[in-house]
Number of protein chains: 4
Amino acid sequence: MPHRSAPPADELADGSEPLQRRRRKEARPQELLDAALALFVEKGFAAARAEEVAQRAGVSKGTLYLYFPSKEELLKAVITQNLGSRIVAGAELVAAHPGTATELLNVILVDWWTQLYDSPAAGVFKLVITEVRNFPEIAGFYLREVVQPAHDLLGAVLRRGIAAGEFRDVPIDHAVHSLVLPLIMVCLHRHSLGACQVDWQIEGRDFIGQHVQLVLAGLRAGAPNPA
Amino acid sequence: MPHRSAPPADELADGSEPLQRRRRKEARPQELLDAALALFVEKGFAAARAEEVAQRAGVSKGTLYLYFPSKEELLKAVITQNLGSRIVAGAELVAAHPGTATELLNVILVDWWTQLYDSPAAGVFKLVITEVRNFPEIAGFYLREVVQPAHDLLGAVLRRGIAAGEFRDVPIDHAVHSLVLPLIMVCLHRHSLGACQVDWQIEGRDFIGQHVQLVLAGLRAGAPNPA
Amino acid sequence: MPHRSAPPADELADGSEPLQRRRRKEARPQELLDAALALFVEKGFAAARAEEVAQRAGVSKGTLYLYFPSKEELLKAVITQNLGSRIVAGAELVAAHPGTATELLNVILVDWWTQLYDSPAAGVFKLVITEVRNFPEIAGFYLREVVQPAHDLLGAVLRRGIAAGEFRDVPIDHAVHSLVLPLIMVCLHRHSLGACQVDWQIEGRDFIGQHVQLVLAGLRAGAPNPA
Amino acid sequence: MPHRSAPPADELADGSEPLQRRRRKEARPQELLDAALALFVEKGFAAARAEEVAQRAGVSKGTLYLYFPSKEELLKAVITQNLGSRIVAGAELVAAHPGTATELLNVILVDWWTQLYDSPAAGVFKLVITEVRNFPEIAGFYLREVVQPAHDLLGAVLRRGIAAGEFRDVPIDHAVHSLVLPLIMVCLHRHSLGACQVDWQIEGRDFIGQHVQLVLAGLRAGAPNPA
DNA sequence: CATGAATGAGACTTCATTCAT
DNA sequence: AATGAATGAAGTCTCATTCAT
């Protein structure tokens, strides 16, 4: 038997099922979620047509409903899928990172947020802000899985910095918000006004770094032992 | 001045028309705008039904269309009416106010924003962020009449502060955003997640003050002549 | 003030509301119910399109939903409205009628059924038989409001006839069915096979009379005191 | 004849193909017809989903279309297959049976109908009544192959009974209907209201016998020579 | 032969808008 | 000016049917 180079990518060794179709089937949900995210962020959930989501994912209307039972369930899947995993990744990033509170905040807020800002997932913030009031289940998920963990994480870092004398003693919750809210805001901006063809823009990536420096400077001002 | 017995409340001296009705007639557009603002912010433009707007304003569906030619025009009127005037008022406030840059920023950002935060007009931010991409005319108006003037105003104050040595030399645009974006964000929050029955809230009014202090501290850090 | 002849029919004395529109509004539900009955009987509930019901009632699709919240509710209304009242009327007819059991059965079964047979309401039998299993609420209503009262009524008359010696002693329930089921069946036939353009028909009205005679003859056979 | 060890159950002597699979393959159409009958009777043709028919027959959606070109053809096959054969069998039963008209009617109406009543084929009546108006071809088949032969057969028996003086002289067609329609009706009932979980039922088998006795009594009443 | 992923026509339902009253 | 009955375009979702594997 002649030596054969690697089999074509679309065939499994066990020949269980035609790969091409299976691969498509497995990829479909993600393709639909991506298309839905983009479209929901662009037009809003109510104004986005289900058929357009399907089209953007390269399938027909009916196929969408093969994978998601309703437009509303699709929305929820979009939100849970795009935020859940990132928060976990962020927490691991912090856990793996030694160093001062200042260094840590730079890692989290600049690196992690810049990456988020550049990904389509940044649009989910717009989606959540727009749709929570119409779909109350989203509120619970978002608070529990996103807001609370992220807020606690940053709060802990700030507290460590204050304890170490890096930062002066400020109200933790408010300081976390001062750090984070503008970062959320630039994500929102990128997908609303920033996506319009206008001659006024926020340079998001530059801003993220500058903002963190400015607020950290405020935190260090008058601290016993500024790094 | 001859004594005149008070006319019946619902009738004008010239007998032209009952006052109460005339008053209501004149108030209609505003009542409709208020109702529309509330409902559009609550549910989003697309998901809000025109009839519900009318109902909330205490009139019938048909009456809405006597005052606004379409739901879309109503949206535009809501936005222009609620932001246009406030910016003018803010500018006048600044012009009338002497003092250091720090004092001025406290006046504008704390006083003016707290007032906005507590008014229904705060919801317009959500509306703009949600709907600009669907109605591009809004982008132009919002930039020209709201963003640009407000940004320029704050930028000028910052520049004055830097010139006076109150603040260190920072990138103006970014610093303005660091100051302002969280304030917009708490307005958004109040009308999205904050409006849900959840046990996690931002205390907006407290935060506004704390945030301005924190960022001003960052601006003064290392300044030649911190006030 | 000159004497004025009767006002035009479309104007109310108290001028409360324009009559023409009001009259239409009040007539709509009945017109829709009639159209729905005809169409549901003709095609079956599932195969009948809501728009066609509306069209047959001379209104547009949307108007249907002004009066009935869904196609299913329309079905239920059709059934309750067309059977509920007739049973009551039948019971009153019996109560008002003196005479022997034989005479009474002739009145009820021949007169009342012939009238039903000739009315569109006869179609409801087809509807009920076809749709009970899909809409279980119908079963309860139909049994309680139609089957049970009618069966009890006829059973009582038969019992009276047996007590009076007019009829021999037979199992009441089965005898009632022997009398009634064929009458239901001709109603069904009229709206299924009988409505097709075929050269085989049941002459319903003749049959009703003959059938009652035949079964009554069977009941009297061997009775102690046949009328 | 040489002794041969029994072949494995799922394999033919000629080794052509496993028996089990071939058997299934050959049985498919019947399994599909049975499933379709049950489901169409239960939900109505329009409301029954093709996939559910397939599922109930233990095959996939696609397989259904290997055996029947469309859902509509499946319906027609269900009807023709379930009624055609039984009528022939009934006619042979009569031909093979000597005796008086009364005896004959007892055989046909009680024995044959009780058997039909207990078989799934009884549901076909519901199907025909429900669907003839939507599929006119059914009308022709049903009349030609079912109604006409059965009616003629019973009519002939009645005529024989009248000629023999067993029965009095009644209108033949109507008398046939008086005999038969209730029997059809109990079949319908069994598959509509009778299939619902309600506390009111017709005891079909008892009724069939009682009904035939009652009507025969009516036919004999006043006959010259009642058997 | 058998499967089940994919399609798209078509049905139900909603709602912005009109207009007779 | 005000109403609310009526409309019909448009959107969500279903399901008979096809076809690549």
Between [N] ([atom2]) and [X] ([atom1]): distance, integer Å:
X       : N      : atom1 : atom2 : value
C/Leu64 : E/dC12 : CG    : C1'   : 10 Å
D/Leu39 : F/dC15 : CG    : P     : 12 Å
B/Lys43 : E/dA16 : NZ    : P     : 11 Å
B/Gln55 : F/dG4  : CD    : P     : 10 Å
D/Leu74 : F/dA16 : CG    : P     : 11 Å
A/Glu52 : E/dG8  : CD    : P     : 17 Å
B/Leu75 : E/dT17 : CG    : P     : 12 Å
D/Arg49 : E/dG4  : CZ    : C1'   : 14 Å

Which residue is it: A/Val78, A/Leu32, A/Leu75, A/Val53? I am looking for the one with a side chain to side chain contact (heavy atoms under 4.5 Å, CB included) to A/Phe68.
A/Leu32
Tested for side chain to side chain contact (heavy atoms under 4.5 Å, CB included) against C/Val124, the lone hit among C/Ile79, C/Thr80, C/Val41 is C/Ile79
Please determine which of A/Arg56, A/Lys126, A/His191 meets the side chain to side chain donor-acceptor pair (under 3.5 Å) test together with A/Glu42.
A/Arg56
If you take atom types as modelled and just measure distance, does the side chain of D/Lys71 reach the base of F/dT17 with a donor-acceptor pair under 3.5 Å?
no
For the side chain of B/Lys61 and the base of F/dT3, is some donor closer than 3.5 Å to an acceptor across the two?
no
Kindly point out which of [options] is positioned nearest to the side chain of [X]?
X       : options              : result
D/Ala50 : F/dT3, F/dT7, F/dA16 : F/dA16
A/Tyr65 : F/dC13, F/dA5, F/dG8 : F/dC13
B/Ser60 : E/dT13, E/dT7, F/dG4 : F/dG4
B/Tyr67 : F/dA2, F/dT12, F/dT7 : F/dA2

It should be established whether D/Thr63 places a side-chain nitrogen or oxygen under 4.0 Å from OP1 or OP2 of nucleotide E/dT3.
yes
So which nucleotide does E/dA16 pair with, by the Watson-Crick or G-U wobble rule with both distances under 3.5 Å?
F/dT7
Under a 3.5 Å limit for both distances, which nucleotide forms a Watson-Crick or G-U wobble pair with F/dC13, could you say?
E/dG10
Return whichever of C/Gly62 or C/Glu51 has its heavy-atom-nearest nucleotide of DNA chain E closer to the 5' end.
C/Glu51
Between B/Glu72 and C/Pro69, name the one whose nearest nucleotide on DNA chain E is closer to the 5' end.
C/Pro69
Base, sugar-phosphate, or nothing: which does A/Phe68 touch, judged by heavy atoms less than 4.0 Å apart?
nothing
Under 4.0 Å, counting only non-hydrogen atoms across every strand here, what does C/Ala48 touch: a base, just sugar-phosphate, or nothing?
sugar-phosphate
In the structure I gave you, are the side-chain heavy atoms of A/Arg49 and A/Lys43 within less than 4.5 Å of one another anywhere?
no
Nearest-nucleotide 5' precedence on DNA chain F, A/Phe45 against B/Leu66:
B/Leu66
Measure across C/Tyr65 and C/Ser70 and return the closest heavy-atom pair with its distance rounded to 0.1 Å.
CE2-CA, 3.9 Å
